[in-house]
Amino acid sequence: MRRRTLTLLCLLTGLGLIVVSYFFLTAPWGSDRVGNSNPRLEYAPLLTVLGVILTFASAVVYELLPDKDKSGEP
Amino acid sequence: MTTAVTQPDMTREEVDLPTLPQGIGHLTRGWGVFVAIALAVVGFGTYAFMYQQSEGEIVTGLRNVGTMGGAPWGLYVAFLVYFVGVSFAGITIAALIRLFNLQALRPLARMAELLTVVSLVLASIAILADLGQPLRGIVNLFRYARPQSPFFGTFVLVISGYLFASLVYLYLGSRRDAAIMARESTRLQGLHSFVAAGYTDTPAERDRHERATFWLALAILPMLIVAHSTLGFVFGLQIGRPGWFSALQAPAFVVLAGVSGIGLLIVLAAVVRSVCDERDTLDEYVFAWLGRFLAVLTIAYLYFVLTELLTSTYAAGGREADVTDAILTGRYAWIFWGSTILFVVSLAGLLTQLLTKRWNIGTLVAIGIAVNLAAIGKRFLIVVPSQTDGMLLPYETGSYTPTWVEYGVVLGLIALGALAIAVFMKLIPIVELPEEVEADAS
């Protein structure tokens with residue numbers, strides 16, 4: 001249960017970071033106006049990258065988290 | 001079974017240490033010579049790169065378009081595109097093997113994943129070499145990148161997401177074999193235990209691994225199509241650059257990526273087959289499968305080339321026609337026709353083997369090398385001629401000739417990739433260990 005919870009947490013945090021940073025924090029979509037050039041939050045693209053990394057890291061969490069009783073059951 | 005736990009021809013292990021499969025930890029003279037040569041070339045590449053950093057890009061053949069009559073994107077960008085292309089086939093094959101449970105091709109999975117990781121690292125170094133201020137490039141990408149730019153897709157999806165996903169895929173797949181080898185008391189036991197990270201190969205762990213890699217494969221496949229397409233869009237969406245602006249750029253990028261990657265995978269598989277004595281696992285069936293896949297992709301790519309040529313020669317005018325002329329009959333013609341001949345001859349070789357159902361591994365390796373040389377030529381033609389001959393502004397036709405610095409950096413990158421694979425082969429089995437080895441080891 002703990003494995004699934006942590007995996008889901010990692011996955012959802014990653015996906016959330018991607019969506020929020022990509023659509024709300026980086027430079028707005030639209031025309032090439034100067035106002036659309038800069039990100040709304042500096043280093044927002046880094047948050048997107050971190051989101052992508054967290055999303056895929058959830059697979060590592062899922063596999064590497066040790067079993068509580070070592071019997072192999074999650 | 002070629003990956004036996006005991007290999008009687010190795011003298012060092014006969015004394016006291018157990019022998020690991022596939023020559024893991026056993027440094028042969030041939031391997032040492034190869035590594036020494038690769039290190040020397042990497043050293044030369046590093047010197048060339050440092051020289052460029054010290055003197056500026058004036059020591060390269062790269063110049064501004066128009067005012068300086070050159071091309072700011074040259075050999076580095078051509079090889080960036082080539083390396084990213086090679087990565088495509090690796091992870092595609094690995095993902096297909098997991099998704100469709102292609103058991104006979106499982107021996108290819110890890111080397112395909114490794115090829116992807118190595119080529120993506122080389123791609124990111126290649127783009128850094130292209131930047132006058134690499135550090136500034138890294139910082140500003142994370143600071144200011146715009147999501148509607150294809151560069152954002154390329155570098156966020158390819159370099160971060162795709163590379164990280166491939167690393168995760170490679171690592172999780174390697175844990176089982178590391179755990180098997182960690183049971184032996186060798187100099188690498190600590191490393192293998194670290195990589196295994198507590199893995200004991202219980203049924204529950206196997207199930208978990210199957211589930212995790214299935215979902216990873218499912219997530220990676222669409223992402224890599226998007227990633228490679230955005231790299232094509234970097235060129236294909238530039239309306240002011242005749243020769244680049246084309247709807248075919250993205251799909252053609254994906255298909256040529258498959259051609260070069262499968263070709264290199266054939267070469268790597270043949271090397272592993274010979275060096276690690278994996279003749280039983282990497283058998284003719286595996287190479288025939290790769291050969292058929294390569295034939296289909298080569299046909300598709302030649303179709304794209306023909307379509308592009310028909311369009312640009314039939315109705316194109318002005319600068320679009322200038323670029324086509326430069327490629328077909330001008331100073332880039334030798335690269336275009338050389339690449340085309342290599343593709344056609346390779347396809348003829350593949351079809352001959354396909355029709356006769358007799359696959360020759362030596363011929364396939366030659367074809368693998370040929371399509372990669374052709375792919376490098378095509379990548380150069382995608383990048384350079386549109387900058388030197390495709391200007392809409394009234395500038396003179398430009399020129400671009402790479403200098404020794406660029407050749408040095410690119411050679412260094414290739415050697416670095418070969419070195420990384422050679423070192424990996426001595427640490428972790430590059431071919432997944434079969435069940436029998438596990439039984440022997442336990």
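Here is how names work: the chains are called A, B, and so on, in the same order as the sequence lines, proteins then strands, and each is numbered from 1.
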What is the distance from atom [atom1] of [X] to atom [atom2] of [Y], rounded to the nearest 0.5 Å?
{"X": "A/Arg3", "Y": "B/Arg208", "atom1": "CZ", "atom2": "CZ", "value": "3.5 Å"}
{"X": "B/Trp215", "Y": "A/Thr7", "atom1": "CH2", "atom2": "OG1", "value": "13.5 Å"}
{"X": "A/Phe56", "Y": "B/Leu167", "atom1": "CZ", "atom2": "CG", "value": "12.0 Å"}

Any heavy-atom pair between the side chains of B/Phe164 and A/Val52 that's under 4.5 Å?
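With C-beta onward as the side chain, the pair stays apart.
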Close side-chain approach of A/Leu64 to B/Tyr171, heavy-atom, < 4.5 Å
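Touching, per the 4.5 Å side-chain cut-off.
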Go through B/Tyr199, B/Tyr169, B/Tyr144 and name the one with the most non-hydrogen pairs under 4.5 angstrom from chain A.
B/Tyr144
Using a cut-off of under 4.5 Å for heavy-atom pairs, which of A/Ile53, A/Thr26, A/Val60 has the most such pairs with chain B?
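Ranked by contacts with chain B, first place is A/Ile53.
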Counting heavy-atom pairs under 4.5 angstrom with chain B, the leader among A/Ser37, A/Pro28, A/Gly51 is A/Ser37
Within residues 134-141 of chain B, which positions have a heavy-atom distance to chain A below 4.5 Å?
B/Val139, B/Leu141
Taking a cut-off of under 4.5 angstrom between non-hydrogen atoms, the residues of residues 39-50 of chain A near chain B are A/Pro39, A/Glu42, A/Tyr43, A/Ala44, A/Pro45, A/Leu46, A/Thr48, A/Val49
